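I have placed the structure first, in the form of structure tokens, so that the comments after it can refer back to it.
All chains are named by letter (A, B, ...) in the order of the sequence lines, taking the proteins before the strands, and each is independently numbered beginning at 1. Source: prediction; values computed, not measured.
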Amino acid sequence: MKKQLESLLSQTIKTLQAQNVLTADINPLVHIERTRDVSHGDFASNIALILAKSAKTNPRQLAEQIIAEFPKNEAILKVEIAGAGFINFFINSNAQYQVIAGIQAAGENFGKSQIGAGKKVQVEFVSANPTGPLHVGHGRGAAYGSVVANLLTAMGFEVHREYYVNDAGRQMEILATSVWLRYLEACGETFTFPSNAYRGDYVRDIAQKLVQQHSEKFVHASKIVFADLLLDEPEGGNKDDYIDALTLRAKQLLGEGYRVIFDIGLNDILGDIKDDLAEFGVTYERWFSERSLMDDGSIEKSLAVLKSNGHLYEKDGATWFKSSELGDEKDRVVIRDNGQYTYFASDIAYHWNKLERGFDVLIDIWGADHHGYIARVRAALIALGVDETKLNVLLVQFANLWRGTEKVSMSTRSGEFVTLRELRDEVGKDATRFFYVMRRSEQHMDFDLELAKSKSNENPVFYVQYAHARVCSVFRQLPEKGFAQDVALGMANLAELTSEHETALLTTLARYPEVIERAASQYEPHLLINYLRELATDFHTYYNAHQFLVESDTLRNARLNLITAVRQVLFNGLTLLGISAPEAM
RNA sequence: GCGCCCGUAGCUCAGCUGGAUAGAGCGCAGCCCUCCGGAGGCUGAGGUCAGAGGUUCGAAUCCGCUCGGGCGCACCA
């Protein structure tokens with residue numbers, strides 16, 4: 001309906017241009033919006049206000065002319081001018097009922113479109129280092145990314161979900177070293193655990209597996225391991241230098257064995273992350289290995305291109321990228337003075353690789369603490385000579401956990417962070433996903449565990465799911481009362497749905513495709529959440545005000561068709577969110 | 001210090017790319033209710049949209065400034 005009005009309106013504009021009422025050179029963005037107040041009709045346009053100036057007339061007069069030329073249409077009851085020059089459209093009530101048939105016909109496809117047909121979108125999200133379990137910060141990115149991907153899929157895009165695995169680099173080496181040290185402890189060696197190593201219990205668990213699989217094969221006496229090392233930070237040294245030195249020592253002592261330990265750590269943690277995300281309803285088409293970019297020469301190749309384009313230089317033994325010339329605040333190192341690539345170097349290669357795979361749109365979902373990274377990645381893409389406008393970086397702010405009025409303290413340093421798995425175990429998948437995407441992603445959010453768990457109307461997840469269950473409950477009672485649904489009879493008598501609750505529901509249902517399109521195109525899943533809460537509210541209000549299972553066969557079946565449509569839309573929306581639509585609760 | 005994000009009811013948050021009287025939930029005040037699931041219903045109070053400017057027919061929304069909060073400014077990822 002909205003689309004129809006928009007196209008009729010732009011037709012009208014063209015007509016007026018042909019009549020020289022409006023100049024031909026303007027090409028206004030015709031925009032129809034739903035009214036907030038019923039006295040303003042169903043839809044409204046501000047087009048006259050926008051064009052009045054260029055038409056050298058006043059808005060109300062222009063609106064007059066627009067209405068005069070507006071094509072006649074059966075669905076439109078009347079068109080009015082209001083206020084400063086708004087054009088209000090009143091829809092024929094018969095047209096309002098069509099949404100029920102539309103929902104029935106489309107079923108699970110209601111709300112989907114083909115706007116993105118033929119376009120490939122890649123969504124990269126989470127991509128946490130496999131150095132430990134996912135925590136609640138990653139959880140928000142996971143929920144957000146997967147819903148954005150679902151929304152884009154519903155718009156007809158070919159969506160490719162990807163997790164970039166940092167399976168190379170210093171952090172992973174520190175993990176491997178940490179595993180080895182815990183392994184040594186398990187084998188009876190005693191020493192002071194480095195301050196910069198990974199201290200989580202999961203490291204001990206992995207070390208234990210190492211013991212089981214390889215017994216004492218990798219044991220070296222702590223005397224030798226720690227011989228002639230630098231000082232650790234608590235002793236007045238530098239913790240980074242210390243752990244790097246220890247890693248080097250590990251490689252020397254272990255030889256090939258170092259890689260075995262490294263891979264055990266990597267595979268164990270990555271496996272855990274994969275399970276965790278799968279249980280959270282988050283799936284990927286591909287887990288992209290950073291190491292593969294080193295192995296196949298991609299990093300070398302992309303740096304070579306940068307070099308030949310004159311964007312690299314040497315300074316202090318390191319190789320720098322001149323990102324400051326391309327919008328970044330300073331230049332960045334791509335090869336360290338010890339010859340190792342920085343994380344940024346592989347990221348350049350990775351983003352180049354993404355574009356070479358032919359995606360029309362790249363979406364990167366990052367934690368908000370990485371925002372400083374955007375400029376340099378963009379700079380790199382420009383320097384490589386590829387279309388950097390395809391890259392969209394979406395930032396997700398952190399979530400604070402609350403238990404009622406108590407803030408749950410989290411500090412990564414002490415290892416006392418709350419994991420995503422713990423959160424899911426306590427709150428459940430549905431509520432976790434719902435709460436994570438309930439707020440705009442770039443908004444800091446408070447996540448109340450007590451509220452998320454509560455079975456009451458204050459809990460929005462419960463409220464929405466309960467609306468779905470309630471419709472199902474009505475249908476369970478149908479045979480108990482000796483009735484059976486007659487869909488055709490109901491469709492033929494939709495005109496009996498005349499109460500304000502019913503017309504409100506009809507409008508809300510009709511809005512669904514618009515909401516999905518907007519949520520998808522702006523990457524804002526919270527719009528869908530808000531919509532579902534409104535739909536649930538409309539339904540509960542209706543439920544409280546009217547008996548559905550009335551004696552009249554025509555009215556009863558009309559109402560059953562309406563609530564069937566409600567159930568379908570609730571189901572479709574919840575499914576896009578990756579949340580279940582229970583039939584009873 | 002520089003950069004990015006944010007500031008809307010007591011609290012948590014919406015606000016449809018600049019529109020009509022700024023909304024919802026919770027909380028608060030009052031009233032009603034014994035009906036398909038009481039996991040109710042109705043009404044009300046509550047706002048300098050952080051502040052002061054600018055852009056225009058029109059600003060919570062756009063632009064520059066001030067204040068306040070978060071984050072980032074590595075040869076870490």
Side-chain angles (χ1 to χ4, degrees), chain A residues 29 31-37 39-40 44-46 49-50 52-53 58-59 82-86 88 127-129 131 166 168-172 174 196 240 244 290 315-320 328-330 332-347 367-375 395 397-398 400 402 405 438-448 451 454-460 462-463 466 469-470 473-478 480-481 511 514-515 518-519 521-522 524 526-527 529-531 533-534 537 540-541 543-550 584-585:
Chain A
L29 193 68
H31 187 61
I32 296 273
E33 55 182 33
R34 287 188 179 268
T35 56
R36 215 173 304 168
D37 190 321
S39 69
H40 298 145
S45 171
N46 61 353
L49 292 158
I50 294 170
K53 198 171 214 176
N58 74 63
F86 290 97
N88 291 336
S127 299
N129 281 345
T131 54
N166 293 112
R170 180 165 169 267
Q171 294 303 319
M172 283 307 297
I174 294 175
N196 208 24
D240 285 307
D244 285 345
E290 178 187 10
K315 194 182 88 181
D316 303 332
T319 305
W320 297 69
D328 197 6
E329 42 188 40
K330 56 196 281 195
R332 309 291 173 177
V333 170
V334 286
I335 305 176
R336 296 203 269 157
D337 60 5
N338 64 8
Q340 288 198 316
Y341 295 123
T342 60
Y343 174 87
F344 178 46
S346 38
D347 229 28
D369 55 334
H370 285 63
H371 67 75
Y373 218 76
I374 299 173
L395 300 177
Q397 291 285 353
F398 297 125
N400 290 315
W402 292 75
T405 52
M438 187 161 61
R439 307 301 181 202
R440 263 175 45 227
S441 65
E442 61 267 41
Q443 185 80 253
H444 297 100
M445 68 169 293
D446 288 338
F447 189 132
D448 185 345
L451 182 62
S454 85
K455 297 196 186 315
S456 75
N457 288 348
E458 283 109 76
N459 181 352
F462 181 88
Y463 192 69
Y466 180 48
R470 221 170 192 184
S473 157
V474 171
F475 279 95
R476 281 193 296 272
Q477 286 160 34
L478 201 57
E480 290 168 19
K481 300 219 166 192
R511 271 173 49 213
E514 297 160 23
V515 170
R518 198 176 141 72
S521 60
Q522 301 191 193
E524 293 190 335
H526 76 279
L527 296 176
I529 298 254
N530 289 343
Y531 170 83
R533 294 176 72 174
E534 283 173 43
T537 302
H540 287 305
T541 308
Y543 183 98
N544 288 325
H546 296 276
Q547 191 87 17
F548 303 154
L549 302 181
V550 292
M585 38 199 309

How would you list, by chain and number, every residue that makes a ring pair (Phe, Tyr, Trp, His ring centres under 6.0 Å) with [X], sequence neighbours excluded?
X	result
A:F447	A:F435, A:Y436
A:Y466	A:F462, A:H540
A:F86	none
A:H546	A:H501, A:Y542

(message) Regarding A:S473, tell me which of base, sugar-phosphate or nothing describes its non-hydrogen contacts under 4.0 Å with the strands shown.
(response) base
(request) Looking only at side-chain atoms of A:N544, point me to the closest of B:rG40, B:rC75, B:rC71. (result) B:rG40
(message) Please enumerate all residues that pass side chain to side chain contact (heavy atoms under 4.5 Å, CB included) together with A:V515, with sequence neighbours excluded.
(response) A:R511, A:Y531
(request) Any chance you could list the contact pattern along nucleotides 11-24 of chain B? Use B for base contacts, S for sugar-phosphate-only contacts and - for none, protein heavy atoms under 4.0 Å, 5' to 3'. (result) -SSSSBB-BB----
(request) Applying salt bridge (Lys or Arg N to Asp or Glu O under 4.0 Å), name anything that partners A:D244, two or more places apart in sequence or on another chain. (result) A:R170
(request) Using salt bridge (Lys or Arg N to Asp or Glu O under 4.0 Å) as the criterion, list what pairs up with A:R533, not counting sequence neighbours. (result) none
(request) Treat a base pair as Watson-Crick or G-U wobble with both distances under 3.5 Å, then lay out RNA chain B in dot-bracket form, 5' to 3', with | for cross-strand pairs. (result) (((((((..((((.....[...)))).(((((.......))))).....((.((..]....)).)))))))))....
Can you tell me how far [atom2] of [N] sits from [atom1] of [X], to the nearest Å?
X	N	atom1	atom2	value
A:Y463	B:rG25	OH	C1'	9 Å
A:D240	B:rC75	CG	P	12 Å
A:E458	B:rG25	CD	P	12 Å

(request) To the nearest 0.5 angstrom, please state how far the CG atom of A:L549 sits from the CG atom of A:L478. (result) 6.0 Å
